[in-house]
Amino acid sequence: MVPDYNGIASLNYSSFVAKEPYPYKSEPLIASVLRHNQYFDPELSLVAEVDGSIVGHALFSPFEFIVLGQKRRGVFLAPLAVDARLQGHGIGSQLMEAGHRSAIDKGYSLSVLCGIPEYYPRFGYVQEAFAHTGATVQMDAAVADLAGITERPVMEADLPWIIDMWRKDHQHDRLAWFPGESISQWFNHSLVYRSSVVLQGETRIAYVKYKRQPYLRINELLTEEGAASVVLSHLSREHPIQDSGMIACSMRADSLYNKLSDSLQIMVYQEIRTNDALMLKVLDTKDELLLRYCAEAKLSVLNLGVLAFPTLLDIDN
């Protein structure tokens with residue numbers, strides 16, 4: 001409910017700053033921005049109250065996912081906050097269990113999160129269930145011909161093209177997270193990240209989301225056939241690569257390699273990076289596809305899906 005918004009923001013700030021007293025806290029902003037999600041369901045934004053005051057909050061945000069090449073409806077859990085003075089009394093557990101029950105009743109098949117490894121597995125979340133980096137690139141951008149290549153912000157008119165490109169690119173993925181069909185799901189929400197359309201002359205050739213500082217990291221790269229090499233060259237020339245000279249990418253090496261032309265010397269390395277904070281819970285325990293994904297993911301990191309988080313979450317740098 002609207003009257004809860006300020007109380008939720010205050011709780012998320014106070015509870016997270018008590019845990020880690022850093023000057024910037026993204027959790028209150030994440031809760032606010034995720035209400036812009038076109039699939040936002042207020043019934044999945046749960047609060048706990050004591051004497052009329054909000055002492056706990058859990059937000060489950062609906063999204064569409066691809067699992068082993070098939071569509072599944074799922075939720076993203078963030079943030080989960082409990083008043084620091086009342087932690088350890090089961091409030092977080094009650095919010096989690098109520099949220100899972102509601103998501104299951106609404107037909108959602110899975111839940112994903114990035115959170116505290118010591119806390120969430122007790123609720124059935126599997127650690128290291130997906131990766132956030134799958135490939136790294138090394139290249140010499142100086143040799144590329146970038147005449148006519150420009151970059152501009154995403155526009156409403158770009159959406160049909162972007163969405164069509166996303167579905168073609170990710171239709172066979174082991175695990176993928178579809179941002180949505182409204183412009184707010186695709187423009188950048190952070191000064192650190194940029195979401196752009198790359199043009200060659202007047203023609204769209206790519207949608208790209210990347211982090212510029214302190215290193216170049218590409219979270220989404222949707223390109224017309226043969227354009228990926230030019231786009232990578234453009235980005236690395238505009239934002240000179242630091243340290244190792246490598247670009248990190250939120251995609252599998254085989255997917256990226258298939259995008260590249262042979263005209264430029266670009267080296268792609270498989271580098272599945274994950275950690276125990278990246279977790280997934282199967283809500284529909286009868287879904288054989290999800291159970292198969294989890295079973296295969298345990299066998300090898302090469303079986304992990306590589307998730308690119310939506311732009312709505314870029315404020316959590």
Side-chain angles (χ1 to χ4, degrees), residues 5 26-46 58-79 99 102-103 106-114 130 132 152-190 192-198 204 206-211 218-223 249-251 255 278 280-281 283-284 290 305-317:
Y5 286 1
S26 63
E27 286 79 11
L29 298 176
I30 288 175
S32 297
V33 171
L34 282 170
R35 295 190 191 105
H36 302 168
N37 176 11
Q38 72 177 107
Y39 310 116
F40 172 70
D41 184 346
E43 294 181 354
L44 290 174
S45 180
L46 309 177
L59 178 58
F60 293 83
S61 297
F63 283 94
E64 176 190 309
F65 292 85
I66 299 294
V67 181
L68 298 179
Q70 297 186 34
K71 293 181 182 179
R72 288 295 185 271
R73 297 171 66 225
V75 293
F76 170 65
L77 171 56
S102 183
K106 290 174 177 287
Y108 295 103
S109 300
L110 70 152
S111 177
V112 299
L113 61 81
C114 180
F130 55 92
H132 192 37
R152 63 160 172 78
V154 181
M155 304 295 185
E156 190 89 35
D158 298 319
L159 281 179
W161 178 81
I162 292 172
I163 291 167
D164 183 61
M165 295 290 291
W166 190 95
R167 295 204 179 280
K168 288 178 180 177
D169 251 35
H170 295 283
Q171 61 182 322
H172 301 302
D173 280 9
R174 297 192 65 80
L175 189 64
W177 186 339
F178 178 58
E181 297 178 343
S182 70
I183 190 67
S184 67
Q185 317 289 100
W186 296 93
F187 64 69
N188 57 286
H189 292 70
S190 165
V192 176
Y193 279 91
R194 178 179 292 177
S195 301
S196 300
V197 168
V198 180
R204 301 184 192 98
Y207 168 85
V208 60
K209 187 179 81 164
Y210 60 96
K211 181 179 181 180
I218 298 175
N219 277 14
E220 186 68 85
L221 179 64
L222 308 174
T223 66
C249 301
S250 291
M251 64 186 72
S255 298
L278 303 176
L280 181 150
K281 175 182 172 66
L283 298 176
D284 182 358
L290 281 166
V306 181
L307 281 189
F309 283 66
T311 61
L312 293 170
L313 300 171
D314 287 347
I315 55 175
D316 188 12
N317 298 318

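All values reported here derive from a predicted model rather than from experimental measurement.
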Inset, instruction - Evaluate the criterion side-chain contact (heavy atoms from CB on, under 4.5 Å) for residue pair F76 and L34; output intermediate values, then yes/no. - result: CA-CA 10 Å; F76 170 65; L34 282 170; 4.3 Å; yes
Legend entry - Check: S250 side chain, E220 main-chain N or O, donor-acceptor pair, under 3.5 Å: no
Inset, instruction - Determine yes or no for a side-chain-to-main-chain donor-acceptor pair under 3.5 angstrom, with W186 supplying the side chain and G180 the backbone. - result: yes
Legend entry - For F130, all residues meeting ring pair (Phe, Tyr, Trp, His ring centres under 6.0 Å), sequence neighbours excluded: none
Inset, instruction - Check for a donor-acceptor pair, side chain of E181 on one end and backbone N or O of I163 on the other, with a separation under 3.5 Å. - result: no
Inset, instruction - Apply side-chain contact (heavy atoms from CB on, under 4.5 Å) to the pair L280 and L175, showing each step before the final yes or no. - result: CA-CA 11 Å; L280 181 150; L175 189 64; 4.3 Å; yes
Inset, instruction - Decide yes or no for D41 and V75: does some side-chain heavy atom of the first lie under 4.5 Å from some side-chain heavy atom of the second? - result: no
Inset, instruction - Would you check if P179 and W166 make a side-chain contact, meaning some heavy-atom pair closer than 4.5 Å? - result: yes
Inset, instruction - Give the minimum heavy-atom separation between N188 and S190, together with the two atoms involved. - result: ND2-O, 3.2 Å
Inset, instruction - Considering non-hydrogen atoms only, spot the tightest contact between L221 and D169 and give its length. - result: O-OD2, 3.4 Å
Inset, instruction - Using side-chain hydrogen bond (donor to acceptor under 3.5 Å, both in side chains) as the criterion, list what pairs up with E27, not counting sequence neighbours. - result: none
Legend entry - 4.5 Å side-chain heavy-atom contact, S32 and Y5: no
Legend entry - Nearest atoms (heavy-atom pairs only) where L312 meets I315: O-CG1, 4.1 Å
Inset, instruction - Could you tell me whether the side chain of V306 reaches within less than 4.5 Å of the side chain of H132, counting heavy atoms only? - result: no
Legend entry - Point-to-point distance, once rounded to the nearest 0.5 Å, from CG of L159 to CD of Q185: 9.5 Å
Inset, instruction - Without swapping roles, check the side chain of Y207 against the backbone of M165 for a donor-acceptor pair under 3.5 Å. - result: no
Inset, instruction - If a pair satisfies salt bridge (Lys or Arg N to Asp or Glu O under 4.0 Å) and one of its residues is in residues 152-165, list it, with sequence neighbours excluded. - result: R152-D158, D158-R204, D164-K168
Inset, instruction - Please report the closest heavy-atom contact between Y39 and F63, naming both atoms and the distance. - result: CD1-CA, 4.1 Å
Legend entry - NZ/NE/NH1/NH2 to OD/OE distance under 4.0 Å, K209 and D314: yes
Legend entry - Point-to-point distance, once rounded to the nearest 0.5 Å, from CD1 of I30 to NE2 of H189: 12.0 Å
Inset, instruction - Using a 4.5 Å cut-off on heavy atoms from C-beta on, say whether the side chain of L278 contacts that of L307. - result: no
Legend entry - Positive for salt bridge (Lys or Arg N to Asp or Glu O under 4.0 Å) with E64, one of R167, R72, R73: R167
Inset, instruction - Using atom types as modelled and distance alone, determine if a side-chain donor or acceptor of T311 lies under 3.5 Å from a backbone N or O of F187. - result: yes
Legend entry - L44 side chain near K106 side chain, heavy-atom distance below 4.5 Å: yes
Legend entry - Heavy atoms from other residues, nucleotides or ligands near NE2 of H172 exceed 12 (cutoff 6.0 Å): no
Inset, instruction - Measure across Y193 and K211 and return the closest heavy-atom pair with its distance rounded to 0.1 Å. - result: CE2-CB, 3.5 Å
Legend entry - Whether N37 side chain and P62 backbone form a donor-acceptor pair below 3.5 Å: yes
Inset, instruction - Run the numbers on F65 and L290 for side-chain contact (heavy atoms from CB on, under 4.5 Å), then give the verdict. - result: CA-CA 11 Å; F65 292 85; L290 281 166; over 6 Å; no
